[in-house]
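The structure appears right after this line, and notes come after that.
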2 protein chains.
Amino acid sequence: MASDTVRDRILAAGQRITPQRDLVAGVLEQAGRPLSAAELYEAVGRSGRGVGRATVFRTLQSLEDAGIVQHVVLPGNQAAYLLCQVAGHHHHLVCRQCGAADDLAEDEVAPFLAALEGGHRFQVDHANFAVYGTCARCTGDRASTTS
Amino acid sequence: MASDTVRDRILAAGQRITPQRDLVAGVLEQAGRPLSAAELYEAVGRSGRGVGRATVFRTLQSLEDAGIVQHVVLPGNQAAYLLCQVAGHHHHLVCRQCGAADDLAEDEVAPFLAALEGGHRFQVDHANFAVYGTCARCTGDRASTTS
DNA sequence: GCCCGTAGTGATACTTAGTATCACTTAAGG
DNA sequence: CCTTAAGTGATACTAAGTATCACTACGGGC
Ligand SMILES: [Mn+2]
Ligand SMILES: [Mn+2]
Ligand SMILES: [Zn+2]
Ligand SMILES: [Zn+2]
């Protein structure tokens, strides 16, 4: 089941607690990595009662509106949804090996955007980064990975 | 019709020159802003002979493989394809007002990625930025001049 | 605890972006 | 020219996500 903080944040966003939202958030929490909507639908179906397909999408949308979930577009244009501890707009470093998504702090990004604004006389109002690579843990494993 | 440099780059990528590729590239060149596949299909249909829908997608894929076209995912998750003068992987500042897409130089991005790698012990192998805002011309900043 | 308005749900039908297939055409190199 | 592999178009298909609408249930007020 989803942790209490998730429920608090759902309420804080003016949304209702429902078993469906609990289930979806719970599966995401359990997985600890970005999941596609289809994977989520299937996983939720397996773990106990099911959730309608439309509701999975609506729930993801709601949770994303509430800042609890964010989605990244993986190389290959696949959308993957992930549970975010930190609220508000932020970005991720996504490991292609294990799928872990590390949060990027705003103050790591802001100076970069500021530099862009200066260099191009462009006023940034929204940015979305997808940064892919290998996390520290998976880098250590590299010697033993299958080729 | 697409400019000669586009044709050269198609050839350089080991692909054939076809009227369809000329048309698609030509429409993109003409538009000077990112277009969705649907817009392209329609525009190509209007301007002279048509191009099959499947071929529009295939052509965009080919041109993207050749580094001639790139697509950005606009807020709202709409893919838009744009003609790129500079070859190789790069990023864009997209104006939401007029659609203009300014190229981002690699040396503007590299230091940022390097900083991320250091701060997170993460090995970046691919990044995709979508930066949206308002370009100099659209800010109404008519006094601005290139410097 | 019960009531009730409204947010949320599920089945289903639909849309839209993009892909697979396959017979046919055409670019381009010798 | 001839040849052949790359490319095309019609069509059928998949996969992601949305619209509809009757029904359900969350939760604030009492
Ligand atoms: Mn996050
Ligand atoms: Mn470009
Ligand atoms: Zn990893
Ligand atoms: Zn502009």
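Order of the sequence lines sets the chain letters (A, B, ...), proteins ahead of strands, with each chain counted from 1.
- As a whole-Å value, the separation of A:Q20 CD from C:dA7 P is 17 Å.
- For the pair A:Q61 and A:D65, the minimum side-chain heavy-atom distance is below 4.5 Å.
- D:dT8 atom P lies 14 Å from atom OH of B:Y41, rounded to whole Å.
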For this session: Starting at the 5' end of nucleotides 17-30 of chain D, put B wherever the base has a protein heavy atom under 4.0 Å, S where only the sugar-phosphate does, and a dash everywhere else.
Result: BBBB----BBS---
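- Rounded to whole Å, atom C1' of C:dT15 lies 13 Å from atom CD of B:Q78.
- When the P atom of C:dG8 is taken as reference, atom CG of A:L23 falls 16 Å away, rounded to whole Å.
- B:L60 has its CG atom 14 Å from the P atom of D:dG7, to the nearest Å.
- Taking each heavy atom of A:R7 and A:I17 in turn, the nearest pair found is O-CD1, 3.5 Å.
- Going from atom CG of B:L35 over to atom P of C:dA17 covers 13 Å, rounded to whole Å.
- A:I68 pairs in a side-chain contact (heavy atoms from CB on, under 4.5 Å) with only one of the listed residues (A:Q15, A:R21, A:Q85, A:R9), which is A:R9.
- Between the side chain of B:E117 and the backbone N or O of B:V124, at least one donor-acceptor pair lies under 3.5 Å.
- Every pair passing salt bridge (Lys or Arg N to Asp or Glu O under 4.0 Å) that includes a residue from residues 33-62 of chain A is listed here, sequence neighbours excluded: A:R33-A:E39, A:E42-A:R46.
- Side-chain atoms of B:D102 and B:H92 form no donor-acceptor pair, as typed in the model, at a separation below 3.5 Å.
- Classified by interplanar angle (parallel below 30°, tilted 30° to 60°, perpendicular above 60°), the ring pair B:F129/A:F129 is tilted.
- Where the helix from C:dG1-D:dC30 to C:dG30-D:dC1 starts and where it ends, the local axes point in directions that differ by 50°; five pairs per end, rounded to 10°.
- Closest of all the heavy-atom pairs between A:L23 and A:S47 is CD2-O, 4.1 Å.
- Rounded to an integer number of Å, the gap from CG of B:D22 to P of C:dA27 is 11 Å.
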